[in-house]
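This one's a predicted model, so the numbers in the text were calculated from it and none came from an experiment. No hydrogens, no waters, no symmetry mates; every other heavy atom, side chains included, goes into these values.
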Amino acid sequence: MRSISRALSASAAALALAALLAPVAAHAAPQASVRPAHFAGTLTADRVLAVPGTVNARDLGGYTTYDGKTTKWNTVYRTETLSKLTPEGTQALAGLNLKGVIDLRTAPEIAVDGTDKLPAGVPSIARPVDDTSLFAFIGQVVRSKDPAYQQAQLGDGKAEARMAALYKGFVTNPANRAQLGAAIRDIAGASGPVSFHCSAGKDRTGVLADTILRAVGVPASVSEQDYLLSNQLRAASDKALRDQVKAGGYMQNPDLLIPLQEVRSSYLAAFRDQAVADYGSFGGFLTDGLGLDIATLVKLRSRTVA
C-alpha cells in the first residue's frame, strides 16, 4: 500500500490523484476470473468486475429500457483508472476482449498517476475532460495541515458547491462537451467491447455512463442508481484514505473530504439540469450540446441494446 506520507510528499496533483480519488490500494484480492464478481443486492449481482487493482469496475449491461429491451452484457464497461492494475488485473482485463479503453483523464493527471496497464494490443483513446483544478485544490487544502483553513475551504457546504460546479462544467465547457461527444462516438463505432474511465470512475465516468444509458432508453431513475453504486463500491477504500490522512497528521477532521469522495444525486442533478437549461431537453443536449447526429445515436442503441 502506498503510504500516506509518500503520497503527501508528492505534488498536489499526486496527492489528489493517487490518494483521494484513486483506490487506496485496499484493492480487491487477486482473482483469476473477471466475471462474475457477485456483490450483494440485485442491482450489482454479476455487474462488478473482479479486476485486481480496481474497486469500481463494472458492466453496463442488464438494464431494462423503456421499450422492454435490455442493455447488452460484455459490451460497455466503466472503471476507475487502470494505472494501478496488478499483473493479475491486466490478465483479467484481457479476458474482456476490449477493442479500446477511453481515458477521460487529463494529461497532468496521467503524468502523475501513470498510464493504464492495458493488455497487449488494446488501444488507449484519449478523451480528456477538465476537472476544474479539483485535484490541485484538494492537495493544497490537505497539505496545509491547517484545520481552520480546511474547514473554511470544505465545510459549511463549500465542498458540495465545488462538486456541483464541476458537474455543471461538464455541460458549460465546450471542450468537455466535445470530448464527451467524441467518447460516445467511439463507443457507438467500436468493433467490440469497450471501456471508459477517469481517475476514481465516479464523476466524469459517472456522467458519461448516465448519458449513454439514458440515450439508449434506460430510465433516468435506473441510470441514477448505477451512478450511485460508486459509493457502495468505493466506501472501504475512501474510508481507508481518510484514516490515513488523519493518522498522518494532515487533517483533524478528514470527514470534510467525504463530499469530494462520494457521488450524490444532487451532483448528478446539477449536470442534468444544466444540460436542460442550456439545450432545452436531454435530446437537445445530445444533438446540439454533444454534436451527436441521429445516425450515431441509432448506432449506439444498436451496439448496446438487445
What do the steps show when you test V51 against L85 for side-chain contact (heavy atoms from CB on, under 4.5 Å), and what is the final call? CA-CA 8 Å; V51 179; L85 293 187; 3.6 Å; yes
Using modelled atom types only, decide if a donor and an acceptor are shared between the side chain of [X] and the backbone of [Y] within a distance under 3.5 Å.
X	Y	value
R214	P219	no
T71	G62	yes
K246	L241	no
R204	V129	yes
S237	R234	no
T65	V218	no
T211	V207	yes

Taking the side chain as every heavy atom from C-beta outward, state whether [X] and [Y] have any pair of such atoms under 4.5 Å apart.
X	Y	result
S230	L233	no
M163	L134	yes
N74	L96	no
D186	V194	no
Y267	P259	yes
R177	L180	no
K84	T54	no
L93	T90	no

Would [X] pass as a cation-pi partner of [Y], given that its NZ or CZ must be under 6.0 Å from the six-membered ring centre and within 45 degrees of the axis?
X	Y	value
R47	Y63	yes
R162	F137	yes
R78	F196	no

Calculate, to the nearest 0.5 Å, the distance between atoms [atom1] and [atom2] belonging to [X] and [Y] respectively.
X	Y	atom1	atom2	result
L229	R58	CG	CZ	4.0 Å
D103	T115	CG	OG1	9.0 Å
R127	L104	CZ	CG	10.0 Å
T304	K69	OG1	NZ	11.0 Å
I184	L286	CD1	CG	6.5 Å
K145	R143	NZ	CZ	10.5 Å

Polar side chain donor-acceptor pair, [X] to [Y], under 3.5 angstrom:
X	Y	value
Q150	D146	no
Q140	Y149	yes
E80	S199	no
D226	S223	no

For D203 and Y167, what are the C-alpha separation, side-chain angles and deciding distance, and is it a side-chain contact (heavy atoms from CB on, under 4.5 Å)? CA-CA 8 Å; D203 299 313; Y167 276 67; 2.4 Å; yes
Check this for me: does any side-chain nitrogen of one of [X] and [Y] sit under 4.0 Å from a carboxylate oxygen of the other?
X	Y	answer
E262	K239	no
E160	R264	yes
D67	R301	yes
D238	R242	no
R272	D210	yes

Should the pair F271 and F285 be assigned to parallel (<30°), tilted (30 to 60°) or perpendicular (>60°) ring geometry?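 F271 and F285: perpendicular rings.
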Let's go through L82 and K117 carefully: what are the C-alpha distance in whole Å and the side-chain angles of both, what is the deciding distance for side-chain contact (heavy atoms from CB on, under 4.5 Å) to 0.1 Å, and is it a yes or a no? CA-CA 6 Å; L82 300 175; K117 297 177 180 178; 5.9 Å; no
Using the side-chain hydrogen bond (donor to acceptor under 3.5 Å, both in side chains) rule, pick out the option among D116, T205, N56 that qualifies with H197.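 By the side-chain hydrogen bond (donor to acceptor under 3.5 Å, both in side chains) criterion, H197 pairs with just one of D116, T205, N56: D116.
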What pair of heavy atoms forms the shortest contact from [X] to [Y], and how long is it?
X	Y	result
P123	K99	CG-O, 3.3 Å
L260	K202	O-NZ, 2.9 Å
D130	T106	CA-CG2, 4.2 Å
Y279	G284	CB-C, 3.7 Å
T79	S195	CG2-OG, 3.6 Å
T172	G169	OG1-CA, 3.4 Å

Linking I/L/V/M/F/W/Y whenever any side-chain heavy atoms sit under 4.5 Å apart, do [X] and [Y] land together?
X	Y	value
L228	F170	yes
V305	F282	yes
L290	L297	yes

Verdict with supporting geometry, R105 and S83, side-chain contact (heavy atoms from CB on, under 4.5 Å): CA-CA 11 Å; R105 296 177 297 166; S83 62; 4.1 Å; yes
Under 6.0 Å from the NZ atom of K168, do we count more than 12 heavy atoms belonging to anything else shown?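 Open.
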side-chain hydrogen bond (donor to acceptor under 3.5 Å, both in side chains), that's the test. Do E224 and S221 meet it? Break it down for me. CA-CA 5 Å; E224 181 176 351; S221 60; over 6 Å; no
